[in-house]
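Read through the structure below, which is laid out as structure tokens, and then see the notes.
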Number of protein chains: 2
Amino acid sequence: MYSNELVRGTLKTIVLKLLKEEGKMYGYEITQRVKELTDGKIQITEGALYPTLHALEAEGIVVTETMHIGRRVRKYYKLTTEGRANAKRKLSEMADFLGTMRILFEGTPGPHHA
Amino acid sequence: MYSNELVRGTLKTIVLKLLKEEGKMYGYEITQRVKELTDGKIQITEGALYPTLHALEAEGIVVTETMHIGRRVRKYYKLTTEGRANAKRKLSEMADFLGTMRILFEGTPGPHHA
DNA sequence: AATTATACATAAGAATGTTATGTATGGTTA
DNA sequence: TAACCATACATAACATTCTTATGTATAATT
């Protein structure tokens with residue numbers, strides 16, 4: 001686990017990236033996926049995730065679809081058309097940001113994904 | 001300029017990195033150096049920087065030395081012995097974190113600097 | 001003379017997270 | 001079968017860390 005100040009600010013972008021790739025995901029699934037992909041180094045807490053998802057919905061970036069698994073409820077989130085455009089912007093901003101960080105901390109910009 | 005949520009959490013580490021490289025720097029100099037190195041993409045505000053520097057001093061990570069340039073005051077900051085150890089930890093954590101971000105956003109871990 | 005750059009500082013408020021708590025179902029194990 | 005852990009949602013109090021605004025003052029440029 002990172003001393004989580006570094007992770008601050010990246011949550012929304014991580015969610016958008018996953019939704020863009022997977023099409024639709026539910027909250028708990030997102031927490032598990034991120035844990036998997038990062039070898040447990042990033043663990044999204046529910047107290048951070050759910051308010052973020054609700055905010056994305058309120059902004060029209062995502063819409064929800066509720067499914068019933070047995071008697072349990074699952075709330076799937078997927079990008080809207082506007083959300084896809086937003087995600088694209090945020091992801092290219094993240095790519096640029098990571099390049100800048102590389103310059104600062106490694107002295108190299110790294111590969112560019114035009 | 002990045003929609004600055006991404007920059008959140010990186011300020012302290014950026015300062016430690018610069019101090020480690022330069023030996024000593026003063027506040028205004030740090031803001032200018034970061035602006036230069038990042039092509040204006042990251043602009044540290046004074047409201048964020050000075051409290052951070054004061055906190056680092058209170059934690060014993062840095063010590064200060066006041067210089068007089070004409071009638072103006074400059075406050076130089078440099079790492080303590082403990083601060084150097086702390087900086088080393090934070091920088092390797094940042095390197096690891098950037099690798100994790102690359103996996104999430106680019107699908108590649110990037111080079112490892114052992 | 002006015003403006004901009006240098007150089008410090010602090011305080012109110014916003015944003016974004018942590019930690020704690022609550023509710024409930026379903027599967028596994030002692 | 002009782003206890004425990006995993007799944008799955010949610011919210012609220014609090015902490016941290018930044019933005020924005022403000023204040024003070026000297027030095028250089030237009």
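By convention in this document, chain letters (A, B, ...) are assigned in the order of the sequence lines, proteins followed by strands, and residues within each chain are numbered from 1. Bear in mind that the values here come from a model prediction, so they are computed numbers and not experimental data.
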Taking CZ from A:R74 and P from D:dA6, how many angstroms apart are they, rounded to a whole number? 17 Å

With a 4.5 Å limit on heavy-atom distance, are the side chains of B:L19 and B:K78 in contact? no

Is there a side-chain contact between A:Y26 and A:E65 in this structure, where contact means two heavy atoms from C-beta onward sitting under 4.5 Å apart? no

Given D:dA8, D:dA10, C:dA9, identify the nucleotide with an atom nearest to the side chain of B:Y77. C:dA9

With respect to the side chain of B:L11, which nucleotide from D:dC18, D:dA10, C:dT16 is positioned closest? D:dC18

Rounded to the Å, how far apart are A:E29 CD and D:dA8 P? 8 Å

Check every atom of D:dT7, D:dT16, D:dC9 against the side chain of A:Y26 and return the nucleotide holding the closest atom. D:dC9

A:M25 has an atom CE; how far is it from atom C1' of D:dA8, in whole Å? 14 Å

Could you check whether any side-chain heavy atom of B:K75 comes within less than 4.5 Å of a side-chain heavy atom of B:L53, counting everything from C-beta outward? no

Expressed as a whole number of angstroms, how long is the span from B:E5:CD to D:dT19:C1'? 14 Å

Decide yes or no for B:T13 and A:F105: does some side-chain heavy atom of the first lie under 4.5 Å from some side-chain heavy atom of the second? yes

A:L49 CG - D:dT7 C1' separation (whole Å): 14 Å

Taking for each residue the nucleotide of DNA chain C bearing the nearest heavy atom, is the 5' side occupied by A:G70 or by B:L53? B:L53

Need one value for B:E46: base, sugar-phosphate or nothing, where a base atom within 4.0 Å counts as base even if backbone is also close, heavy atoms only. base

Provide, to the nearest angstrom, the distance between the CZ atom belonging to A:R33 and the P atom belonging to D:dA8. 13 Å

Are any of B:K75's side-chain N or O atoms less than 4.0 Å away from OP1 or OP2 of C:dA9? yes

Selection from D:dC9, C:dA7, D:dC18 that lies nearest to any side-chain heavy atom of A:Y50: D:dC9

Counting side-chain heavy atoms from C-beta on, which of D:dA8, C:dT18, D:dC18 comes nearest to A:T45? C:dT18

Tell whether A:R71 reaches the base of C:dT25 with its side chain through a donor-acceptor pair below 3.5 angstrom. no

Given atom CD1 of B:I44 and atom P of D:dT20, what is their separation to the nearest angstrom? 15 Å

Return the 5'-most residue of the pair A:G47, A:I69 with respect to DNA chain D, ranking by each residue's nearest nucleotide. A:I69

For C:dC8 and B:H54 - does any side-chain N or O of the residue sit under 4.0 Å from the phosphate oxygens OP1/OP2? no

Side-chain heavy atoms of A:T52 within contact of A:I44, under 4.5 Å: no

From C:dG26, D:dT26, D:dT17, nucleotide with atom closest to A:R72 side chain: C:dG26

From CG of B:L6 across to C1' of C:dG17 the rounded distance in Å is 15 Å

Which part of the nucleic acid does A:G27 contact within heavy-atom distance under 4.0 Å: base, sugar-phosphate only, or nothing? sugar-phosphate

Hey, are the side chains of B:V63 and B:E57 touching, using non-hydrogen atoms and a 4.5 Å cut-off? no

